[in-house]
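No experiment lies behind these values; they were computed from the predicted model shown.
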Amino acid sequence: MLDSYDKNYDAIVIGAGHAGVEACLALARLGHKTLVVTLSLDAIAFMACNPAIGGTAKGHLVREIDALGGQMGISADHNLLQIRMLNMGKGAAVQSLRGQADKTLYHHYMKRVLENEPNLDILQGEVAEILVENGKVCGIKTTLNQEFFCDAIVVATGVYLNAHIIIGDNVTKTGPNGFARATRLTDSLIKLGIPTRRFKTGTPARVDKKSINFDVMQVQKGDDNIYPFSFMTKGFVPNKEVCYLTYTTQKTKDIIMQNIDRSPLYNGSIHSIGPRYCPSIEDKVMRFADKERHQIFIEPESSLTDEMYVQGMSSSLPFDVQLEMYKSVIGLEKVKILRFAYAIEYDCIDSLCLTPYLMTKDIQGLFLAGQLNGSSGYEEAAAQGIMAGINASRYLKNADYVVLKRDSSYIGVLIDDLVTKGTNEPYRMMTARAEHRLLLRQENADQRLTPIGREVGLVSDERWQNLQTKINTIKEIDKKLDKIIPPREYRAFFESIGESVPNNGLSYKDMLKRAGITYDMLTDNFDELKSLDRRCMEEVATTVKYEGYLVKQQAMIEDINKLENKVLPENIDYNDIKGLRIEARQKLDKIRPLNLSQASRISGVSPADITVLLVYLAKNKL
């Protein structure tokens, strides 16, 4: 544990939420003596909002964090109450894992992981100031005037900076769930020249399970035989709990409309910007006035409590309105509220001040990650956390930074969006944000990113061997599916499912390319396929079915990579380049893109500006 006389570390991580946990674990596991400072040991990896991991596109992020050697997927699998695959009726690119986690056990599990990690010390305290000398970080000072020194810092403070909890006209200066907030660090960031802003998010009420009438709700069971988040977890994770689906009513709408003037969102009490894709119930009622009802999911918080999470009803309305409003929902007529819904306002930064490796542009060794950067969600935070940790390690080792491209991962899309486009509202990852999403499927995250994690040093020998075994198995299956089958051997199968029978032989791949044939059908009807590894067979089948689309996406990526290879010098003076429009000069000078590809994604930089830059690079032989 922490030696009170030891003040010197390689790296310090400020905050131990989902970003801070991944950052400090990455640094410690890469051999750096690391200190993580958190406002409360009881808030390590705490799920202040929905106790769920994954979801649309977010499940992809968890698999990618895991593939790099991160912790979130492993911890989630150990503490799942339910697991489901979303969008099963849609294409493989948008199918996403979502797991209902045990909120209490997840926190305790993560806390033990940190406590048992060599090279990592944990300290409960509040950081008041980031110390900088000659443009480089050199340490921190706490509110107790303790000083700790280091060469790299990762700031991952989540929603705790100057946080306000808002319920109606009641404003409490505290962090989420009653935890203490951080009151001094924002001033330090501002003094260092880092631009800040105010964002808002919210959470619904927690209600007593015993007061709910589940008989009038629809049971939402988990999926059996679904592979979990971590590639290191063997087999399947059992479902232990069910969730429930219910709906708001006309009465719910009437209550909200009658009290909308008491809503901080609509009476001007809240000035900060909230998440577009996770609106409060009053926001949904006002924005979709023609909609008669809204879906509400009732989800367990933990196996150790009767608290239930009312997903879809986040609110900042006064408590008396909440009481009436929640009781208007089908099945909640006699509900008892244990914790009222609230909005939370907090300080965050303008992510355009960051490089693609999440270090600030003006201060060496200062990395920022998570909701502090304007994102929302545990998964987005953890993804930034592991990358900030990796790149802080690279900084300490004077090695090349790791920047994941948009065609390599959802993590690459997330970070590129934040540092290139910025965000004017809490950023949420969605599959639609990834232009190459068919290549970035959940199941191949290990093949895409584990080699990078191995090169960095986070991937264990066991994880690496698992990947090699998988790759070899996929090659064997791919070869077996090339076998040509004569018509007499597949005629009965084709006729049984209504497929026309050709006169020539077909390979198993030819069969899979038919819309009406799945890999399950093949393994059920051809004995030589029954023994094939199911998980690898799924991947090969997906590749075969989407082969044409995958080829097109790969061709697009090759064209984009031509711009990726056109590196823009760090010291380039955009104001001196003739032909660039004024807006383009200003945006390019502010963001300082690494290459032409990143430059082309900046809002305000046109194709004509990119042509000017190409001519400039050629003329100056850069």
Side-chain angles (χ1 to χ4, degrees), residues 17-18 43 46-52 55 58 103 157-179 181 197-207 248 252 255-256 259-288 294-299 301 307-326 329 332 337-348 370-372 374-381 423-428:
H18 304 282
F46 184 75
M47 298 183 186
C49 199
N50 195 344
K58 293 169 177 280
K103 181 177 192 168
T157 48
V159 299
Y160 285 83
L161 295 187
N162 290 325
H164 289 171
I165 297 295
I166 303 166
I167 302 175
D169 58 3
N170 183 276
V171 179
T172 307
K173 295 181 178 181
T174 184
N177 208 60
F179 289 118
R181 65 176 189 158
R197 59 194 32 194
R198 292 286 278 180
F199 273 1
K200 177 200 80 74
T201 186
T203 189
R206 273 60 163 186
V207 301
T248 61
T252 313
I255 292 168
I256 292 171
N259 292 278
I260 199 65
D261 61 319
R262 300 181 66 194
S263 168
L265 284 174
Y266 286 89
N267 64 20
S269 299
I270 291 178
H271 301 286
S272 52
I273 303 170
R276 179 192 305 264
Y277 301 103
C278 190
S280 66
I281 186 63
E282 54 263 40
D283 207 17
K284 285 190 281 189
V285 165
M286 294 298 290
R287 286 165 55 186
F288 307 104
H294 296 274
Q295 283 188 337
I296 303 296
F297 291 92
I298 309 298
E299 301 170 331
E301 290 246 313
E307 288 186 69
M308 302 293 283
Y309 182 91
V310 188
Q311 186 196 143
M313 286 197 77
S314 66
S315 177
S316 58
L317 284 163
F319 79 94
D320 58 313
V321 181
Q322 289 191 37
L323 281 168
E324 190 179 0
M325 178 182 70
Y326 276 94
V329 175
L332 299 185
I337 295 179
L338 301 175
R339 305 178 196 243
F340 284 99
Y342 61 79
I344 180 169
E345 286 187 313
Y346 55 94
D347 294 338
C348 58
Q371 286 189 256
L372 174 66
S375 64
S376 68
Y378 312 139
E379 303 82 4
E380 289 91 339
T423 181
N424 292 319
E425 62 191 34
Y427 177 99
R428 177 181 176 179

A.B. asks: Any side-chain heavy-atom pair from Ser314 and Ile281 closer than 4.5 angstrom?
C.D. replies: no
A.B. asks: Can you confirm whether Met308 sits close enough to Glu299 that some side-chain heavy atom of one is under 4.5 Å from a side-chain heavy atom of the other?
C.D. replies: no
A.B. asks: I'd like to check Gln311 versus Pro204 (side-chain heavy atoms, cut-off strictly below 4.5 Å). Are they in contact?
C.D. replies: no
A.B. asks: Quick one: CE on Met325 to CG on Asp320, what's the gap to the nearest 0.5 Å?
C.D. replies: 10.5 Å
A.B. asks: Within a 6.0 Å radius of atom CG on Asp261, are there more than 12 heavy atoms belonging to other residues, nucleotides or ligands?
C.D. replies: yes
A.B. asks: Are Cys348 and Gln371 side-chain neighbours, meaning at least one heavy-atom pair lies under 4.5 Å?
C.D. replies: no
A.B. asks: For the backbone of Ala163 and the side chain of Glu345, can you confirm whether one donor and one acceptor N or O come within less than 3.5 Å of each other?
C.D. replies: no
A.B. asks: Could you grab the distance from atom CG of Asp169 to atom OG of Ser316, nearest 0.5 Å is fine?
C.D. replies: 11.0 Å
A.B. asks: Which atoms form the tightest heavy-atom contact between Lys58 and Ser376, and what is the distance?
C.D. replies: NZ-O, 4.0 Å
A.B. asks: Looking only at the side chains, is there a donor atom on one of Tyr266 and Asp283 sitting less than 3.5 Å from an acceptor on the other?
C.D. replies: yes
A.B. asks: Among residues at least two apart in sequence or on other chains, which ones pass side-chain contact (heavy atoms from CB on, under 4.5 Å) with Phe319?
C.D. replies: Leu323, Phe340
A.B. asks: What closest approach, in Å, do Arg198 and Asn162 show between heavy atoms, and which atom pair accounts for it?
C.D. replies: NH1-O, 2.8 Å
A.B. asks: Please give me the minimum heavy-atom distance between Ser280 and Leu265, naming the atom from each residue.
C.D. replies: OG-CD1, 3.1 Å
A.B. asks: Please name all residues satisfying side-chain contact (heavy atoms from CB on, under 4.5 Å) with Lys103, sequence neighbours left out, ordered by chain then number.
C.D. replies: Phe46, Met47, Pro51, Arg206, Glu301
A.B. asks: So, the side chain of Tyr326 versus the backbone of Ala205: is there a donor-acceptor pair under 3.5 Å, distance only?
C.D. replies: yes
A.B. asks: Heavy atoms only: give me the nearest Ile296-Met313 pair and the separation to one decimal.
C.D. replies: CD1-CG, 3.1 Å
A.B. asks: How many angstroms lie between CG in Asp347 and OG1 in Thr157, if you round to the nearest 0.5 Å?
C.D. replies: 9.0 Å
A.B. asks: Any non-hydrogen side-chain atom of Tyr346 less than 4.5 Å from a side-chain atom of Phe199?
C.D. replies: yes
A.B. asks: Any side-chain donor-acceptor pair under 3.5 Å between Glu282 and Ser315?
C.D. replies: yes
A.B. asks: Between His164 and Lys200, is any pair of side-chain heavy atoms under 4.5 Å apart?
C.D. replies: no
A.B. asks: What is the distance from atom CD of Glu425 to atom OG1 of Thr201, rounded to the nearest 0.5 Å?
C.D. replies: 11.5 Å
A.B. asks: Are the side chains of Ile166 and Pro264 in touch, meaning some heavy atoms are under 4.5 Å apart?
C.D. replies: yes
A.B. asks: With heavy-atom distances below 4.5 Å as the criterion, would you say the side chains of Tyr309 and Thr203 are in contact?
C.D. replies: yes
A.B. asks: Between Glu380 and Arg428, is the salt bridge (charged side-chain N to carboxylate O under 4.0 Å, His left out) condition met? List the steps.
C.D. replies: CA-CA 7 Å; Glu380 289 91 339; Arg428 177 181 176 179; 5.5 Å; no
A.B. asks: Under 3.5 Å, which donor-acceptor pairs do the side chains of residues 171-178 form with other protein atoms, sequence neighbours left out?
C.D. replies:
| unit_1 | atom_1 | unit_2 | atom_2 | d |
| --- | --- | --- | --- | --- |
| Thr172 | OG1 | Asn170 | OD1 | 3.1 |
| Thr174 | OG1 | Phe179 | O | 2.7 |
| Asn177 | OD1 | Arg339 | NH1 | 3.0 |

A.B. asks: Find the distance between SG (Cys49) and CD1 (Ile344) and round it off to the nearest 0.5 Å.
C.D. replies: 10.0 Å
A.B. asks: Hey, could you give me the CZ/CG distance between Arg181 and Leu161, rounded to the nearest 0.5 Å?
C.D. replies: 10.0 Å
A.B. asks: State, to 0.1 Å, how close Leu317 and Ile167 come at their nearest heavy-atom pair, and which atoms those are.
C.D. replies: O-CG2, 3.5 Å
